Structure formats: structure tokens, C-alpha cells
Amino acid sequence: MTFVEVLIKNSSDIWEQYLEHPFTNGVVDGTMDAEKFKNYIIEDSIYLNAYARAFAGGMYNSTRREDLQFFYKSLNFIEEGEGSTRVYYLKKYNLTDEWIDQQEPKPENKEYIDFMLGVAKDGTALETWMAILPCIFSYAYIFRELTKSAQVDESNPYKRFLDDYISENYHNYCVECGKYVNKLTSQINMTPEYKDKLSNIFRKSSLCELEFWNMANRK
Ligand SMILES: Cc1ncc(CO)c(N)n1
């Protein structure tokens with residue numbers, strides 16, 4: 001088993017809950033309440049700004065060119081994909097980035113942001129990847145799994161959102177991230193204690209993801 005596979009296995013009890021969540025299922029079948037989805041997009045726009053700062057923290061703490069490059073290549077990929085989808089929905093709701101900048105995140109979002117930025121501020125590149133990987137991987141996992149048996153309807157208002165995560169492009173990016181992180185772990189001395197430390201960071205972010213869905217599903 002690769003280290004990335006171990007990480008996911010150690011958080012599988014949480015990951016299983018993503019697939020049964022009323023919010024993720026409501027988005028996939030298009031029945032999600034429009035107001036809830038709008039509020040989700042607002043929180044997620046705040047989150048993605050903090051996410052970019054986490055990458056910046058990871059970059060600041062990286063001294064190897066490959067590590068620096070992988071952070072900015074990833075950030076660019078996210079900005080062009082999900083970032084522009086958020087802008088599309090914000091426009092639809094007549095909201096602007098300037099307005100988003102003024103908003104305070106809800107408590108669940110704030111907890112996730114604070115955790116991620118804390119790891120990125122003081123951690124190594126690898127530790128920072130532990131905090132940001134559940135975000136990247138879980139969306140591919142959730143939306144690929146949930147659309148396996150049923151295609152996304154053309155009339156689904158959330159199709160543009162879903163298409164980002166079920167695309168081949170996003171899948172390939174996840175594979176690339178996995179390879180890169182596995183390579184990082186093969187270059188250092190991974191004691192059992194350190195493996196646990198890394199796995200716990202990944203697990204905490206996985207839990208924050210679940211709380212984010214719970215938050216989104218509350219009015
Ligand atoms: C909270 C959250 N987690 C994961 C993703 C996917 O990158 C996202 N856009 N937002």
C-alpha cells in the first residue's frame with residue numbers, strides 16, 4: 001500500500017460519510033435547495049482564499065525547487081478550475097469578490113481555515129500537503145463515486161460545479177498529487193511516530209471536510 005492509500009484508509013470511516021451526506025447527494029441529483037447552495041458557494045469562496053494562503057505558506061517553507069513548483073502549479077490549477085467556477089456562481093448570485101473579502105466565515109469554516117493555515121505556517125511542505133490533500137482528493141472521490149451509476153442531468157443547476165470534479169483533468173491532477181506526495185515520503189525517514197503525525201493531520205482535515213458539508217446543509 002502506498003502512503004497516500006494508508007492515509008485514506010485511516011480516514012475511511014469519515015470518507016464513507018461523505019457519500020451518504022444529504023448535501024453531496026442533493027447536489028448530484030439537482031434537488032439541493034438553491035439558498036443552501038448559494039450559502040455553500042459563499043463559504044467555499046472564503047475557504048478557497050484561505051486555501052491559496054495555505055499554498056503560499058507551504059511555498060514559503062519549501063527550499064527545493066520541485067516543492068515550490070508543485071505548490072504553484074497546483075494553485076494555478078485550482079484557480080483556473082474551481083476558482084473560476086466560484087466566480088461563475090458568484091456572478092449568478094450578483095455577488096463580488098470584494099463582498100466575499102468582507103465576510104466572516106461560519107465557525108466550521110473558520111476552524112478548518114485556522115487549522116490549515118496553522119499547519120502551513122509552521123509545517124514542512126509534506127505536512128502542509130497533509131492538510132490540503134483531503135480537500136483535493138475527497139471532492140474527486142465523492143463526485144466520481146456518486147455519478148458512477150447516474151449521469152449528471154443537463155438541467156441540473158449544479159452541473160458546472162460537478163463537472164469540475166468528475167473531469168478526467170481533475171482525476172489526472174489527483175493522480176499527480178498522489179505520486180508527488182508518495183515520492184516526498186520516500187525521500188525522508190518515516191518513523192512510525194512521524195507517519196502517525198502525518199496521518200493525524202490528514203484525518204483532522206478530513207473531519208473538517210465533513211463538518212463543512214454539515215454546515216452547508218444547515219439553513
Ligand atoms: C471546503 C472545500 N473542500 C474541498 C474543495 C475542493 O477543492 C473545496 N472547493 N472546498
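These values consider heavy atoms only, across backbone and side chains, with no hydrogens, waters or symmetry-generated copies. Order of appearance sets the numbers: ligands from 1, and atoms from 1 within every ligand. Being a predicted model, the structure only gives us computed values, none of them experimental.
Using a cut-off of 4.0 Å between Lys/Arg side-chain N and Asp/Glu carboxylate O, Arg160 and Asp164 are scored as not salt-bridged.
Just one of Trp15, Phe23, Tyr112 meets the ring-ring contact (aromatic ring centres under 6.0 Å, His included) condition when paired with Trp213; it is Phe23.
Only the side chain of Tyr165 comes within contact range of ligand 1, with a heavy atom under 4.0 Å; no backbone atom does.
Closest protein heavy atom to atom 5 (C) of ligand 1: Cys135 SG, 3.1 Å. In this structure, the protein non-hydrogen atom closest to atom 10 (N) of ligand 1 is Asp44 OD1, 2.6 Å.
The ring-ring contact (aromatic ring centres under 6.0 Å, His included) pairs that include a residue from residues 144-165 are Phe37-Tyr158, Phe37-Phe161, Tyr40-Phe161, Tyr139-Tyr165, Phe143-Phe161, Phe143-Tyr165, Phe161-Tyr165, Tyr165-Tyr170, where partners are two or more places apart or lie in different chains.
For Lys121, the NZ atom sits in a loose shell: 12 or fewer heavy atoms of surrounding residues, nucleotides or ligands are nearer than 6.0 Å.
Near Glu82, meaning under 4.0 Å from one of its heavy atoms, ligand 1 places the atoms 5 (C), 6 (C), 7 (O), 8 (C), 9 (N). For ligand 1, the atoms lying closer than 4.0 Å to a non-hydrogen atom of Arg86 are 9 (N). Of all the atoms in ligand 1, the ones that sit under 4.0 Å from a non-hydrogen atom of Glu209 are 1 (C), 2 (C), 3 (N), 4 (C).
If you check the side chains of Gln187 and Arg64, you find a donor sitting under 3.5 Å from an acceptor.
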